[in-house]
2 protein chains.
Amino acid sequence: MFEFRLDTRSGVPFYRQIIDQIRFGIATGQLRMGEQLPTVRSLAVQLKVNLNTVIKAYKELEIQKILETQQGTGTFIGSETVNVSAKERRNKTKSICEEFVNVAAVYGITPKQLIEELQKNEGGNL
Amino acid sequence: MFEFRLDTRSGVPFYRQIIDQIRFGIATGQLRMGEQLPTVRSLAVQLKVNLNTVIKAYKELEIQKILETQQGTGTFIGSETVNVSAKERRNKTKSICEEFVNVAAVYGITPKQLIEELQKNEGGNL
DNA sequence: AGTATTGTACTAGATAAATAGTACAATGTT
DNA sequence: AACATTGTACTATTTATCTAGTACAATACT
């Protein structure tokens with residue numbers, strides 16, 4: 001199942017984080033055409049945000065034809081292909097790395113040490 | 001010279017982007033102790049944001065002792081270092097990396113890609 | 001038909017963020 | 001002493017975001 005995850009510290013609006021995660025989820029094949037998303041109410045509860053916040057995210061994606069909604073039934077991944085550009089992916093990767101390097105720096109952990117730690121776990125994964 | 005760059009689309013507040021970039025700059029060695037930052041006015045002009053936005057960023061970093069300011073002179077990178085035990089650091093490194101990998105996974109970014117991105121910034125540092 | 005579940009449409013209010021503008025204070029230079 | 005440059009301290013306004021709450025509409029199920 002697809003997992004949403006909000007970063008409350010980043011300053012990025014919740015609805016935008018939801019949008020991004022769905023878009024990236026589709027782009028990377030984690031979410032597939034026709035698949036049902038959590039209902040607006042359940043996702044709101046799950047992420048501990050207001051109903052309207054989820055609605056705002058779903059609605060924007062529906063306008064872009066990335067999602068299809070049926071009142072009374074639910075919200076589904078549409079047939080529109082999502083292209084997350086290489087540039088956008090790079091930016092996302094970069095911003096995530098920046099944030100973590102910053103967090104690590106607070107504890108005196110250098111980027112080099114982060115790399116080493118990540119490489120340790122490189123063996124036993126996908 | 002250090003280059004600032006605001007992403008107007010990300011939804012991340014400007015002052016936070018400035019903060020993050022300075023912290024990242026220090027963590028990666030691009031900004032060094034004692035180095036002078038742009039003046040609040042010049043950076044405001046450069047980034048096309050309001051004076052208060054830059055002030056807010058600088059001030060928060062000053063509270064954290066990451067920056068040092070002298071009225072009439074300018075704002076400089078401070079000398080703050082954090083001391084943590086080796087054991088504590090190892091644990092912290094591990095937990096940060098775990099979190100890091102999980103967040104990245106939401107966006108379909110693999111650990112391998114994270115390592116590559118981190119290595120990019122490895123060149124220009126201590 | 002009745003009920004539960006789904007999405008939709010509102011209004012209202014709180015807080016955060018950014019802009020705009022003015023005035024003041026400390027430092028360095030001339 | 002005069003001036004320019006630096007950071008500081010305000011106030012006011014606008015916009016975006018999020019929360020809260022209510023009511024309604026469409027669909028599926030019993």
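Going from atom NZ of A:K56 over to atom P of C:dT8 covers 15 Å, rounded to whole Å. One interatomic measurement links the two molecules: OH of B:Y58 to C1' of D:dA9, which rounds to 18 Å at whole-angstrom precision. Rounded to whole Å, atom P of C:dT8 lies 11 Å from atom CD of A:Q70. Distance, A:I63 CD1 to C:dG7 P: 16 Å, rounded to whole Å. A straight line from CD of B:Q36 to P of D:dT5 spans 14 Å, rounded to a whole angstrom. Atom pair B:R41:CZ and C:dA20:C1' shows a separation of 14 Å (rounding to whole Å applied). We find that CG of B:N52 is positioned 14 Å from C1' of D:dT14, with the value rounded to whole Å. Spacing between atom CD of A:E60 and atom P of D:dC18 amounts to 12 Å, rounded to whole angstrom units.
With a 4.5 Å cut-off on side-chain heavy atoms, A:Q113 and B:R89 count as touching. Taking the side chain as every heavy atom from C-beta outward, B:E98 and B:K94 approach each other to under 4.5 Å. Looking only at side-chain heavy atoms (C-beta outward), A:I77 and A:I66 stay at 4.5 Å or farther from each other. Residues A:D7 and B:V103 form no side-chain contact, since every pair of their non-hydrogen atoms from C-beta on lies 4.5 Å or further apart.
Distance from the side chain of A:V40 is smallest to C:dT8 among C:dA17, D:dT27, C:dT8. Comparing D:dA25, C:dT27, C:dT6 by their nearest atom to the side chain of A:Q71 picks out D:dA25. Comparing atom distances between the A:K59 side chain and each of C:dA9, D:dT6, D:dC10 picks out C:dA9 as nearest. Among D:dT27, C:dA23, C:dT8, the nucleotide with an atom closest to any side-chain atom of A:L51 is C:dT8. Picking from C:dT8, C:dA23, D:dG21 the nucleotide with the shortest atom distance to the side chain of A:I55 gives C:dT8. Picking from C:dA18, C:dA25, D:dA26 the nucleotide with the shortest atom distance to the side chain of B:T53 gives C:dA18. Proximity note for A:T69 (side chain, C-beta onward) versus C:dA17, D:dG7, C:dT8: the nearest is C:dT8. Out of C:dA20, C:dT6, D:dT8, the shortest distance to the side chain of B:N50 is found at C:dA20. Checked against D:dT8, D:dC10, D:dT19, the side chain of A:V49 finds its nearest nucleotide in D:dT19.
B:E117 has a carboxylate O that lies under 4.0 Å from a charged side-chain N of B:K120, or vice versa, which qualifies the two as a salt bridge. A salt bridge links B:E99 to A:R5: at least one charged side-chain nitrogen sits closer than 4.0 Å to a carboxylate oxygen.
Residues of residues 5-20 of chain B that place a heavy atom closer than 4.0 Å to DNA chain D do not occur.
By the 6.0 Å contact criterion, CD on A:E3 is open, its count of non-hydrogen atoms from other residues, nucleotides or ligands being 12 or less.
Residue A:T75 has a polar side-chain atom (N or O) positioned under 4.0 Å from OP1 or OP2 of C:dG7.
Across all strands shown, B:E68 has no heavy atoms under 4.0 Å from either base or sugar-phosphate atoms.
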Compile the donor-acceptor pairs under 3.5 Å between side chains in residues 42-55 of chain A and protein atoms, sequence neighbours left out, one pair per line.
{"from": "A:S42", "atom 1": "OG", "to": "A:T39", "atom 2": "N", "distance (Å)": "3.1"}
{"from": "A:S42", "atom 1": "OG", "to": "A:T39", "atom 2": "O", "distance (Å)": "3.1"}
{"from": "A:S42", "atom 1": "OG", "to": "A:T39", "atom 2": "OG1", "distance (Å)": "3.0"}
{"from": "A:N50", "atom 1": "OD1", "to": "A:N52", "atom 2": "N", "distance (Å)": "2.9"}
{"from": "A:N50", "atom 1": "OD1", "to": "A:N52", "atom 2": "ND2", "distance (Å)": "3.0"}

